[in-house]
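Below: the structure, in structure tokens.
Order of the sequence lines fixes the chain letters, A, B, ..., with proteins taken first and strands second; residue numbering starts at 1 for each chain.
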Amino acid sequence: MMELNPKDTSIQRCLSMHHVSQKHPAESVHYSLQEMALGHLMVRIPETNTDAIKAIKSVIGLDLPTQPLSSVENNHFVINWIAPDEFLILTADKTEHALEAKLREEMSGHFAIVDVSGGQTVLSLSGERAEKILKKSSTYDVHISNFPIGKVVTTVFAKSQLVMRRTGADSFQLVVRRSFSDYIWQWIVDAGSRA
Amino acid sequence: MFLIYCPYCEEERAEEEFHASGEAHIVRPTDPESLSDEAWGDYVFFRKNPRGNHHELWQHTTGCRKFFYMTRDTATYEIKEIYKVGEQPKVATAPAVPNKYDQFSSEQAVKK
């Protein structure tokens, strides 16, 4: 498995919610909201390309989550199922270029890799009120019986769209578009301000 | 609110996640150059408008973004079946209801 270390830790990724989080801080004892600096790679790969799927396994150390709405993770990576032939890989900040290069080197046949780190960002939402905030914002049934730990869904959220994944009993990862980040941040802060 | 089953996500989702893309199984002419204007016009513009079962193309736009097919009753909105691209429907469509516009177009054709 590949070990990835950020080359230059002096440069910070520009967090798209930096300003809005200062203007509208998510300060609550009931929930916690943070933007996570991560690298995002979108991989398109047909299930028939078994060689390339094996190559992903050798680089990342994880089998592709072919079961719909599932995800897999280890200490370095998360792979989210997006569609039958589409997967979102999350990796540590500034390691996405090295990972993409390594994947391209190892994979063969028909596939596509796109670095989408610039277009979307990840919010970490947790706390006793986290599930309630999601219930106010999305039509998706986020009760743990329908949305267990590790499940990932792309759905409507606050008149926008996101990819959400449950990481714990009351913690979630939300992948949102950067262009919507101010709006989504303020929506969550507002939804979290009332029980 | 409708719940629609996505055959790729393999679960029911809210109607607002989906987009209807009209009549399904419209076959593209293999040799467009040799078509008459009327036949090309039929292919591009004219759609069936049945009262009853209708084969439709839908997309799970805010989900997996995959296209799939649905047989839906246009009178009752009941969804009869959902099947993936590449599969064939089991439920037949209702016959198209003739209307005054059909008559109009055939009159126009006679005049030509």
Can you tell me how far the OH atom of B/Tyr8 sits from the CG atom of A/Asp85, to the nearest 0.5 Å?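 One gets 9.5 Å once the value is rounded to the nearest 0.5 Å.
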CG on A/Asp141 to CD on B/Glu12, rounded to 0.5 Å: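 One gets 11.5 Å once the value is rounded to the nearest 0.5 Å.
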Side-chain donor-acceptor pairs under 3.5 Å in residues 18-25 of chain B, sequence neighbours left out?
unit_1  : atom_1 : unit_2  : atom_2 : d
B/Glu23 : OE1    : B/Lys48 : N      : 2.8
B/His25 : NE2    : B/Tyr83 : OH     : 2.8

Do the side chains of [X] and [Y] join up, straight or via other hydrophobic residues, at under 4.5 Å, putting them in one cluster?
| X | Y | answer |
| --- | --- | --- |
| B/Ile4 | A/Val156 | no |
| B/Leu57 | B/Tyr5 | yes |
| A/Ile149 | A/Leu62 | no |
| B/Leu35 | B/Ile26 | yes |

Over all heavy atoms of both residues, which pair between B/Glu17 and A/Thr154 is shortest? Give the atoms and the distance, please.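 Answer, listing the atom of B/Glu17 first, then A/Thr154: OE1-O, 4.0 Å.
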Could you report the tightest heavy-atom contact between A/Pro68 and B/Cys9, atom names first, then the distance?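 Minimum heavy-atom separation between A/Pro68 and B/Cys9: CB-O, 3.8 Å.
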Residues, nucleotides or ligands: over 12 heavy atoms within 6.0 Å of [X] [atom1]:
| X | atom1 | answer |
| --- | --- | --- |
| A/Gln34 | CD | no |
| A/Phe180 | CZ | no |
| A/Lys132 | NZ | no |
| A/Gln22 | CD | yes |

So, do B/Glu11 and A/Val153 sit near enough that their side-chain heavy atoms are less than 4.5 Å apart?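 Side chain of B/Glu11 against side chain of A/Val153, heavy atoms only: contact under 4.5 Å found.
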Please list, in residue-number order, every residue in residues 61-71 of chain B that has a heavy atom less than 4.5 Å from any heavy atom of chain A; write 'none' if there are none.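 Result: B/Thr61, B/Thr62, B/Gly63, B/Cys64, B/Arg65, B/Lys66.
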Using heavy-atom distances under 4.5 Å, tell me whether A/Thr139 contacts chain B through its side chain, its backbone, both, or neither.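 When you check distances to chain B, only side chain atoms of A/Thr139 fall under 4.5 Å.
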Which bit of A/Val163 comes within less than 4.5 Å of chain B, counting heavy atoms only: side chain, backbone, both or neither?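 For A/Val163, no heavy atom lies under 4.5 Å from chain B.
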